[in-house]
Amino acid sequence: MATFTVTLAKSGARFTVEQDETILEAAERTGVLMAYSCRSGTCRSCLTRVLSGSAEHDPEYADELNIDAGEQSDNYRLLCSAFAYSDLELEK
Amino acid sequence: MVKVLPASRAAHAHARVENASHYLNRCYAVERHLMRTLAARFVDTSQWDYKRQLAQDMWEASRHADALRTRILELRYPRRDVDKKHHPDMLALVAECAKGANAEEFIAGVYGALLPELLRAYRGYIELTDALDDAPTVAILQHIIADIEAQIARMRALASQVSPGLFDASAEWQDYLRQVCASFGGISGLEPPTPKPAEHLLAARPAYTIGRSVERDRRWRPALFHLPHENKYDVEGRTAWQRIESLDKRVAMQVWSAISHFNEIWAAEVVAASMWDFDNQPWDFYLDLARWAWDEARHSTMGFRALEGWGWDVPDLIPWGNALYNAMGPMPPIQRLALLHFYEEGLLRAGTKQVELRILESALDDGSAQDMDFDWADEAIHVSYGYTWLRHLLGDSNAGKEEMTRLTDEARETVARFVVEHKDLQEAKLAPYFDRLYDVIAAMLLEIADDHLDIQWAPVVADEEVLKAL
């Protein structure tokens, strides 16, 4: 199973994310504190810009997320509902 | 001649789908507009016990209306008619109830006349319908009847404590409303209509309008703000608060969170006022805002419960501000909603609630931690409501986003100016509260094992930038 590294640009924190866990779940598992609330992609607490790498929302729930097309094309993702597909650097 | 079997059983002539949907649609109109009226009168009511009861009953009315609407649509009633053509007689009936001259008269009219009439209509429906064929409706109405019976009992018990004799003193008003109801053939519409009470002394009052400023319960001294981050010019208030902070960050968080929750009533008021101000929105708009307003009123009650739980004289020790609602009063309704959403989204994105919860857990204060935990879950829902409905109101486009930013920026500046204009008033001073509170807190402190919690916390001061610019 692929494992990727997530780096937070502002805090410098790093953690690993497994292929089958959301980025928020990985942060929690490794003890990295991140703002979140609903865990369902509706409250936007975890909205974060991906500075490099590939992260995509869970396609099964893509229509239920509170994020618009413009934000997604600007590389914003809801970390509670997004999976990593490469190493990532996040604007956090 | 034709041949048939005899009827297998007798059935009530009225128990057919079309009759059922029309009957229920009259009840739906009453519940829907009662919900909006309760929301508005909740804003206008200052007496704390009445205020929170009105909020709960408003939310219950939204649940009743939602269940009825769903059932009416199942009964082949056109969606467009359910949502757009509310029965004019029922609108007129609720509009008369809204005209109660003050909170007490309004309460007497709703709980002494309108809700008993509604109960009579629901019971009458169950008598007319078939419990097998129409079982889904019967199940819904049995729940609604139980709710309304409880609402009336609660409010009567409350009134006997807060305003003894309230219902007797407003007997004429209740009688007038019953006459209005009878003139429409009752809520069922099946009774012979009586003449309209046009000559009644209480008829022809002007239509109700919602207030643009609020007052707090008279047991509290007038206060504009509740914690020092709201008014950075109150240096004495900030210094007095810092003495409390110096006791321990856990103590400060216990007190801060309770005072903050208690003062969330302004958010309930902003949302409830929006339910009144916005007309002709989709049903889910009102359903969501009813929940939002009720949640904020519950959060306020959580804070009050915690403060009372420490045995404190809450009206004497705790400021209960009205600046946030009143600063927004002159703004267009959409701007008030936009600003509330800006504040709530900002708090969650800053991770404030998570940090506050950790500190309360560190204090081993299970009650306060539990309150914060559920408050946090509610606020996440509210941000979703705000996001959804502001996009609906402003348009899901770049222009809509830009308008949202413009509205929010302008609103933040308006609130900041309000602070500047009121900062020197006696009601803006928090030191008298926190000086007394410090002594009370210091006398009841406990010592627990140090868990070495390494979290620094500071309140989100959303408008620090705007205040600097002024």
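Below, chains carry the letters A, B, ... as their sequence lines are ordered, and counting in each starts from 1. Scope of the values below: all heavy atoms of this structure, side chains included, with no hydrogens, waters or symmetry mates.
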Colleague: Is there a side-chain contact between B:Tyr385 and A:Thr42 (heavy atoms, below 4.5 Å)?
Modeller: no

Colleague: Non-hydrogen atoms of chain B under 4.5 Å away: do they reach the side chain of A:Leu65, the backbone, both or neither?
Modeller: neither

Colleague: Roughly how far, to the nearest 0.5 Å, is the CG atom of B:Asp378 from the OG atom of A:Ser37?
Modeller: 11.0 Å

Colleague: For A:Tyr61, does the OH atom have more than 12 heavy-atom neighbours from other residues, nucleotides or ligands under 6.0 Å away?
Modeller: no

Colleague: In the structure I gave you, are the side-chain heavy atoms of B:Leu348 and A:Arg44 within less than 4.5 Å of one another anywhere?
Modeller: no

Colleague: Is A:Asp63 atom CG crowded by more than 12 heavy atoms from other residues, nucleotides or ligands, each under 6.0 Å away?
Modeller: no

Colleague: Roughly how far apart are B:Glu345 CD and A:Asn66 CG, rounded to 0.5 Å?
Modeller: 9.5 Å

Colleague: Quick check: closest heavy atoms across B:Ala380 and A:Cys43, and the distance to 0.1 Å?
Modeller: O-CB, 3.5 Å

Colleague: Got a sec: does the CZ of B:Arg391 have more than 12 other heavy atoms crowding it under 6.0 Å?
Modeller: yes

Colleague: Using non-hydrogen atoms and a 4.5 Å limit, figure out which bit of A:Leu47 sits close to chain B: side chain, backbone, both or neither.
Modeller: both

Colleague: Considering all heavy atoms of both residues, which atom of A:Tyr36 and which atom of B:Trp376 are nearest to each other, and what is their separation?
Modeller: O-CZ2, 3.0 Å

Colleague: Mark yes when over 12 heavy atoms from residues, nucleotides or ligands other than A:Arg29 sit less than 6.0 Å from its CZ; otherwise mark no.
Modeller: yes

Colleague: Looking at every non-hydrogen atom in both residues, tell me the closest pair between B:Gln354 and A:Ala35 and how far apart they are.
Modeller: OE1-CA, 3.1 Å

Colleague: For B:Lys401, is it the side chain, the backbone, both, or neither that has a heavy atom closer than 4.5 Å to a heavy atom of chain A?
Modeller: side chain

